[in-house]
Participant: 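Sharing a structure here in structure tokens format.
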Amino acid sequence: MNRADRINAALEQFDRHMVEATGYTHDEYAYIRAAGPTSLEHVKLYGTLVDESGAVEFLERCQQEDRKSSAGRKPQLSFRAVLILLMMHVDGGDARYGTIARTLFAKTTPATREYLGLSPYLSSERQWYMRFHRSLNRILDLLEPWDVSKKHIITAEEFVQAKASYSQEKRDRAEDVVNMLLRTSIKRLPADIRARYKGNVAIDATPIFLVGEPNYRWGAEDSDRLNLNAMSTRYTRAGNHEGKGHEDDEPAWEMETVVTVANKPDDNLSFPVLMTGASFQHPGRNKYGPLRAMKQHCKLFDRDERHRLMADQEYNGFQPHRFQNEIRKLGFRGVFNHSGKRKPGKDATIGDAVLVDGYLFVKWMPRHLMTSTGDYAAGRIGKALHIAHIESRKQYALTPHGRPDEDGFQRFTYPKLTGLMLFDPATGARLKRTPKLTSQSLTVGPDSPEAMRVIKNLSAVQYYTEEWHAWFGLRNRAEENNLWFKSDAATDIGNPEKRRARGYAYNFLTAGMAAAVSNMRRIVSHLEAEASLVVDRPTLRARRRVDIDGKPLERLDAVAA
């Protein structure tokens, strides 16, 4: 195939992928996104995502469950219209009620009003403001975990009462609605790209900041709250991010995010970075959020599409029954960080093996190899010697077989001991005779406290090897995702001034919508990047031109030019 044919084939695939993902060619999609709310096609971009998610039907079922009678003011905007309008304005970078009211007042057309089911009669901007406010609150009332006033700063007594009103059911609903929208954006991936996915994910948490002064800590029930977002707490950039009263603390919620990453290191185009699971929590109070976000991810990806999970040190510090063991039961194997000056050497002992820096080795491995990470962190040895120790460990390593089963059990086999320098674990003296293994294999599962200590830190790859650096580096994709979906250049959801409404449900919903539309932008960027492997960007952009009637220009002319 000559160059012109390769270019044409790449462009044809690009167009096909764009239509599959967005319903439009690249030129059409770019034009419609830029057109604004006066364009019916622009409104439909968000309408189709909302319709495909099933969120409207879910909210209607929730309303039926909560409804005590049919009395009360009839809604003037449907759940569907509210979600479409909110997502459209989140994507536009300004989801304030006033901005949405101006759109309803002056930037709709007969076609867009009909599509949204709006009244054909003219209304003032103030009337639209109140209608949207009331209609969105109908949704938020179904999703808000605490019954608390958002109109004034509450007292300590009111705070205690609000905490007592907590509804796990409503919190579950909020999480489900957000993840429905995320999953719908993921389903827009072209089928052949979706089929490539090998199951790697990264997880991280990111703050969703609020306006105003930060509240006291969650347990401070004898103090009045300081923020109109009464149930929020304080965020600090240090430690586990739970603010304890420092002057630099900021008011925030924290969003737990799971993202897809490349199928292997150094191959970014093998699969795009997309947010596939989310939960919402108080900063630093994440006992359950990470696992909930992972389970949301698993609603879209089958067990054979679950492979490695990259996470920072906070995650292998959890209680294993809350996270590490549960993700293994889901089919994932963690790639964790095990650095630290206080590293004692072995983390746990099981059978004839010891766990050192998250990996299983025979228990007769030399002691200086076990303590190398802590020695290096404390400055007792240099980097070159530490790396040499890491390489020397490999001959003592057990070999994992397959992935953990649905009960969390996984088999390992011991290395051959013949020819290895082996040492007594108690005295450190070199053994004159090769010891006998209790068994040729070891099965690790959640069947004893000893095994759970192993599972707490058990990693898929040996720490600090080249392989570990390559895989653990993919964890940065989660941090990048959090920057992308909150960035000023896109939704600006990171700017709390653009989210003036209050409450857990509102902030989670708008952050989730920002992630969903960010997923769509990244899918399009990924398609463009794939095409650019064959077609240089100037040619790609030239080839996407259309004539005055909106018809694509002949590609051969562009190639010749």
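Because only heavy atoms are used, hydrogens play no part in the values below, and waters and symmetry mates are left out as well, while side chains stay in.
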Participant: Is a side-chain N or O of E250 found less than 3.5 angstrom from the main chain of P214, in a donor-acceptor match?
Facilitator: no

Participant: Looking at E144 and A505, would you say the former's side chain and the latter's main chain have a donor-acceptor pair under 3.5 Å?
Facilitator: yes

Participant: Contact between F105 and Q127 at the side-chain level, heavy atoms closer than 4.5 Å - yes or no?
Facilitator: no

Participant: Side chain of D204, backbone of E480: donor and acceptor closer than 3.5 Å?
Facilitator: no

Participant: Can a cation-pi geometry be assigned to R80 and Y115, taking NZ or CZ under 6.0 Å from the six-membered ring centre and within 45° of the ring axis?
Facilitator: yes

Participant: Give, for atom OH of Y197 and atom CD1 of I186, the distance between the pair rounded to the nearest 0.5 Å.
Facilitator: 9.5 Å

Participant: With no hydrogens and no angle check, is any side-chain donor or acceptor of K163 less than 3.5 Å from a backbone partner on W218?
Facilitator: yes

Participant: Give the intermediate values and the outcome of salt bridge (Lys or Arg N to Asp or Glu O under 4.0 Å) for residues R292 and E256.
Facilitator: CA-CA 9 Å; R292 292 176 68 88; E256 201 74 46; over 6 Å; no

Participant: Report yes or no: does E28 contribute a side-chain atom to a donor-acceptor pair with the main-chain N or O of T25 at less than 3.5 Å?
Facilitator: yes

Participant: Around atom CD of E221, are there more than 12 heavy atoms of other residues, nucleotides or ligands at under 6.0 Å?
Facilitator: yes

Participant: Look only at the side chain of S165 and the backbone of A162, and say whether a donor-acceptor pair between them is shorter than 3.5 Å.
Facilitator: yes

Participant: Would you please indicate yes or no on a ring centroid separation below 6.0 angstrom for H241 and W253?
Facilitator: no

Participant: Keeping the roles fixed (side chain from T112, backbone from T108), state whether a donor-acceptor pair exists under 3.5 Å.
Facilitator: no

Participant: What residues form a ring pair (Phe, Tyr, Trp, His ring centres under 6.0 Å) with Y46, not counting sequence neighbours?
Facilitator: H42

Participant: Under a plain distance cut-off of 3.5 Å, with no hydrogens placed, do Q161 and D147 share a side-chain donor-acceptor pair?
Facilitator: no

Participant: Using a cut-off of 6.0 Å, state whether more than 12 heavy atoms not belonging to K244 lie near its atom NZ.
Facilitator: yes

Participant: Can you tell me if R188 and T48 form a side-chain donor-acceptor pair at under 3.5 Å?
Facilitator: yes

Participant: Can I get a per-line list of side-chain donor-acceptor pairs under 3.5 Å for residues 270-277, giving both atom names and the distance, sequence neighbours left out?
Facilitator:
unit_1 : atom_1 : unit_2 : atom_2 : d
S270   : OG     : N263   : N      : 2.9
S270   : OG     : D267   : O      : 2.7
T276   : OG1    : V258   : O      : 3.4
T276   : OG1    : H297   : ND1    : 2.7

Participant: Is there a donor-acceptor contact under 3.5 Å from the side chain of D66 to the main chain of L142?
Facilitator: no

Participant: Can you find a side-chain donor-acceptor pair between Q168 and Y166 that sits under 3.5 Å?
Facilitator: yes

Participant: Is there a donor-acceptor pair under 3.5 Å between the side chain of K170 and the backbone N or O of D141?
Facilitator: yes

